[in-house]
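Report on the following structure.
Numbers for residues simply follow the sequence, beginning at 1.
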Amino acid sequence: MSKNETEGLVLVLDVGETMSTKINRTTTYLQSCVDIIQMIVQRKMFQSSKDEIGLTLFGCDQTDNELWDGSSDDFRHVSLVRCLSIVDWEMLDYVQNKIAVSNIRGDVLDGILVALNHFADDQNKKKTFKEKRVIVLTDFSSCSNDDFKLKEIGKNLARQSIRLDVISPFSEDDANKEEKPNSETNSNSDDHHGSKQMTIAQKEALNLLNNLCEQAEGCLFSFDETLSLLSTYQARTIKSSGTKYQMTIGEKFSLPIVSMIKCKESKPEIFRFKKVFAKDENVELKTDRARFTKDDEQRDLNDKTDTVDAFKYGSTYVPIDSDTVSLKLEVEKCFNILGFTKSENVHKHYFSGDSVNQIMPDPSSGPQVEEAFVNMVRAMFEENVFGIVRKVFNSRSSPEMGCLIPYVTKETTCLFYLSLPFDDDLKKITLENFSIMKKFKPNDKQLSLVDDLIDSLDLSRKIDQDEEELYDPHTTFNPYIQRMFQSIALRATNPSDELPSFDEHITNTHLAKIGSRIRNNTTQNILKRIQDEFPLRELVKKAKKNEENIFEKTKIENKEEVELISMNDENLTDILESGLESNKVKKVGTVNPVGDFKILAEKIVSSNSQEAKEEFEQICMQIQEIIKDLFEESLRQANSFNDADLNDMTVFSFQEKSFNCVKIMRQYSLKLNLHSEFNSFLKTFKIYLINESLKIKMAKYVENFWQKFFIDNNLGLINNLECTDSEVSSDAAEKFLTSLNENSNNSAKDIEETKEKEEVEDLLDLM
């Protein structure tokens with residue numbers, strides 16, 4: 001920051017006897033003024049500001065200023081305790097620990113004149129300030145009303161272009177209020193104005209200083225107004241110089257533009273902590289590094305030539321020679337508009353990055369460029385389109401994609417640039433749509449209640465016509481940063497003191513105030529009604545089944561619990577879990593074939609597309625292979641045991657899993673009216689079982705499987721009573737469900753005839 005951009009500020013503080021008046025039970029006028037000065041100093045420090053601040057006290061025991069002649073009462077008890085200089089911790093320590101109330105009354109006009117003289121002093125004439133300010137902190141009890149001094153102050157303010165501001169416990173409205181009775185005054189003793197009402201002399205002094213402020217384009221602030229303005233720390237403000245690009249559309253159209261940061265996440269330098277030696281500042285810090293191998297020998301690698309850069313590819317380290325191999329894409333600085341798209345295609349959740357840039361035409365390129373740029377922005381605004389951009393900051397940076405949003409007002413016509421993600425950055429998460437479930441469909445009363453709740457929590461509304469919005473980003477600061485600054489400031493000046501509570505900090509109280517405005521009786525009543533309309537029920541966890549009761553149905557006496565865990569009325573947990581998993585299912589797997597098939601089949605049912613038949617046949621082929629594999633696994637398990645029991649748990653579990661797959665396939669074949677695929681499979685599967693039953697060792701397991709699952713459960717072919725399009729009669733379906741032994745001979749004949757037909761067809765193909 002150059003000298004002509006710095007600000008010169010002299011603080012004039014009243015430390016007279018009246019400044020000991022209490023605002024409340026613990027805080028005096030002087031303490032409030034000291035808090036304000038601390039905030040001003042701390043803001044400058046945390047901003048790394050080059051602004052210079054001076055401090056003048058009036059009403060103090062000592063006298064130290066150049067205007068006092070040594071004997072006169074004029075300018076007595078006024079001290080310039082800090083000359084104009086950049087703020088430091090020494091000044092902050094002086095303000096916090098060395099300012100106290102005296103038993104003397106000074107003159108506020110003398111303090112102002114000493115401050116103005118300090119600006120005009122010979123040692124400060126070489127300093128060039130962009131702005132000059134004098135801030136007076138007083139309770140208006142010490143003012144001489146000297147016409148000569150008033151004229152001198154007015155002349156100096158005008159000649160040096162100095163702004164005058166006054167901070168006090170009172171506001172302009174207080175000067176116009178009539179004095180209240182003592183009883184009413186005492187009842188309001190905890191007001192921010194204090195227990196003492198303004199005297200006539202204080203009102204005259206307030207009006208006098210207010211006139212001076214108006215002449216010097218200044219303002220009069222109360223303590224409350226000042227604390228809310230200054231109690232937030234700000235990081236260093238850096239003026240954006242802008243980055244120049246050539247904005248291109250195609251190969252022939254190009255416009256010179258300037259990109260400036262409009263909004264960016266605040267990351268103060270204070271968070272970049274440095275390692276220091278706490279006890280002795282003169283000790284030099286050294287960092288020792290050692291490299292060792294991971295082998296058994298633990299060799300010390302002192303020479304950097306023994307190490308090379310490598311990239312971990314899986315579990316393997318791939319050496320990279322940085323001199324010969326460049327892993328970065330070679331790019332050039334650019335700002336290319338790839339095309340335009342409707343604004344609804346760019347969703348808000350696509351916006352990424354930590355900043356928003358404002359795009360303006362390069363002012364040095366002339367009016368023709370500005371006219372072309374404005375016309376393009378207005379055309380984008382009228383067509384409601386965004387530009388998609390490929391941006392490269394410089395040749396060493398990675399390319400990024402972003403969008404250009406047109407912004408047109410009476411004062412400004414520009415583009416806003418926001419970063420967009422690539423496909424690799426997107427996390428594809430799709431949740432189930434609860435609106436299609438009748439159980440979760442809200443009624444009109446529930447929808448109306450939620451609408452009322454949203455309206456009651458709206459921070460953008462204005463309760464009164466003259467009132468500002470409840471939430472204003474310009475006055476809401478990050479409480480995390482504010483707490484960090486508050487803690488560091490205290491540790492720097494009083495290392496042994498405990499950190500103060502953040503509850504009373506203005507940032508926290510501002511947020512609490514916003515919350516209290518929306519947490520009113522209306523909101524509480526709506527929440528109670530919502531609680532009645534949306535009752536919560538405790539879900540019963542399903543008991544873990546052990547080996548003894550794995551196939552037994554859980555006995556539940558309570559009807560409500562039966563309703564909660566029944567298959568026809570799934571609980572919310574099951575639906576959420578199935579909803580999250582359903583998007584991952586692409587084919588029928590072996591871990592949960594029934595669940596996978598059900599999810600895929602439900603998608604086909606809900607899509608109701610023309611390709612539904614083909615998609616269903618595809619998943620049927622997948623589950624058919626699993627049915628056969630599971631049954632064959634049951635036979636392998638039976639074969640591994642010598643004369644295994646028919647009810648062996650291992651064999652039974654595989655057979656039951658295979659049967660459940662057949663069952664779910666039949667269920668959705670009926671639902672989709674695609675019976676032919678299932679009937680064809682079941683006929684083929686029965687022939688396969690008959691062939692397996694001819695093997696003497698496996699006969700009893702196969703026959704038991706068919707009898708126990710298919711015949712006992714009456715699960716056979718889909719007949720014309722279940723599906724009118726089916727060619728299978730009910731008698732034929734009943735006849736199909738007979739013992740495998742009764743059909744073994746007929747099946748064998750059918751198999752031989754089928755083989756003969758296939759051999760003839762193969763022979764004809766060869767001819």
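Aromatic ring orientation, Tyr688 versus Phe631: perpendicular (interplanar angle above 60°, classes split at 30° and 60°).
To the nearest 0.5 Å, atoms CD1 (Ile405) and OH (Tyr417) are separated by 11.5 Å. Expressed to the nearest 0.5 Å, how far CZ of Phe386 lies from CD of Glu344 amounts to 9.0 Å. Ser352 OG to Leu418 CG: the interatomic distance, rounded to the nearest 0.5 Å, is 8.5 Å. Between the NZ atom in Lys686 and the CG atom in Leu717 there is a gap of 8.0 Å [rounded to 0.5 Å]. One distance of note links CD of Glu633 with CZ of Phe654; it measures 4.5 Å at 0.5 Å rounding. Atom CG of Leu449 sits about 11.5 Å away from atom CD1 of Ile454, to the nearest 0.5 Å.
Using a 4.5 Å heavy-atom cutoff, the side chains of Val728 and Asn679 are in contact. Side-chain contact between Pro593 and Lys657 is present, with at least one heavy-atom pair separated by less than 4.5 Å. The closest side-chain heavy-atom distance from Phe416 to Asn357 is not below 4.5 Å. Between Leu447 and Asn443, the closest side-chain pair of non-hydrogen atoms is not below 4.5 Å.
Within a 6.0 Å sphere centred on CD of Glu533, other residues, nucleotides and ligands contribute more than 12 heavy atoms. Atom NZ of Lys342 has more than 12 heavy atoms from other residues, nucleotides or ligands within 6.0 Å. Within 6.0 Å of CZ on Phe709 lie more than 12 heavy atoms contributed by other residues, nucleotides or ligands. Under a cut-off of 6.0 angstrom, the local environment of NZ in Lys683 is sparse, with at most 12 non-hydrogen atoms contributed by other residues, nucleotides or ligands. For CG of Asp444, the number of neighbouring non-hydrogen atoms (other residues, nucleotides, ligands) closer than 6.0 Å is 12 at most. More than 12 non-hydrogen atoms from other residues, nucleotides or ligands lie less than 6.0 angstrom from CD of Glu617.
Here Phe678 and His675 keep their ring centres 6.0 angstrom or further from each other. Aromatic ring centres of Tyr668 and Phe616: separated by at least 6.0 Å. Remark: aromatic rings of Phe710 and Phe659 are close, center separation under 6.0 Å.
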Subject >> Verdict with reasoning, Met665 to Phe681, per side chain to side chain contact (heavy atoms under 4.5 Å, CB included) >> reply: CA-CA 10 Å; Met665 179 181 171; Phe681 160 73; 4.2 Å; yes
**OP:** I would like to know whether Val389 and Leu338 meet side chain to side chain contact (heavy atoms under 4.5 Å, CB included); could you show each step before the answer?
**Re:** CA-CA 6 Å; Val389 177; Leu338 305 178; over 6 Å; no
Original post:
Could you go step by step and tell me if Glu332 and Val392 meet the side chain to side chain contact (heavy atoms under 4.5 Å, CB included) rule?
Top reply: CA-CA 7 Å; Glu332 294 181 357; Val392 179; over 6 Å; no
Subject >> Stepwise side chain to side chain contact (heavy atoms under 4.5 Å, CB included) test for Ile626 and Phe597 >> reply: CA-CA 11 Å; Ile626 293 173; Phe597 185 87; over 6 Å; no
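For Lys671 and Glu602, the salt-bridge test passes: some basic side-chain N is under 4.0 Å from an acidic carboxylate O. In summary, Glu722 and Arg666 engage in a salt bridge, as defined by a charged side-chain N under 4.0 Å from a carboxylate O.
Side chain of Asp596 to backbone of Gly589: a donor-acceptor contact under 3.5 angstrom is found. Judged by distance alone, with hydrogens and angles left aside, the side-chain atoms of Asn345 form no donor-acceptor pair with the main-chain N or O of Thr341 at under 3.5 Å.
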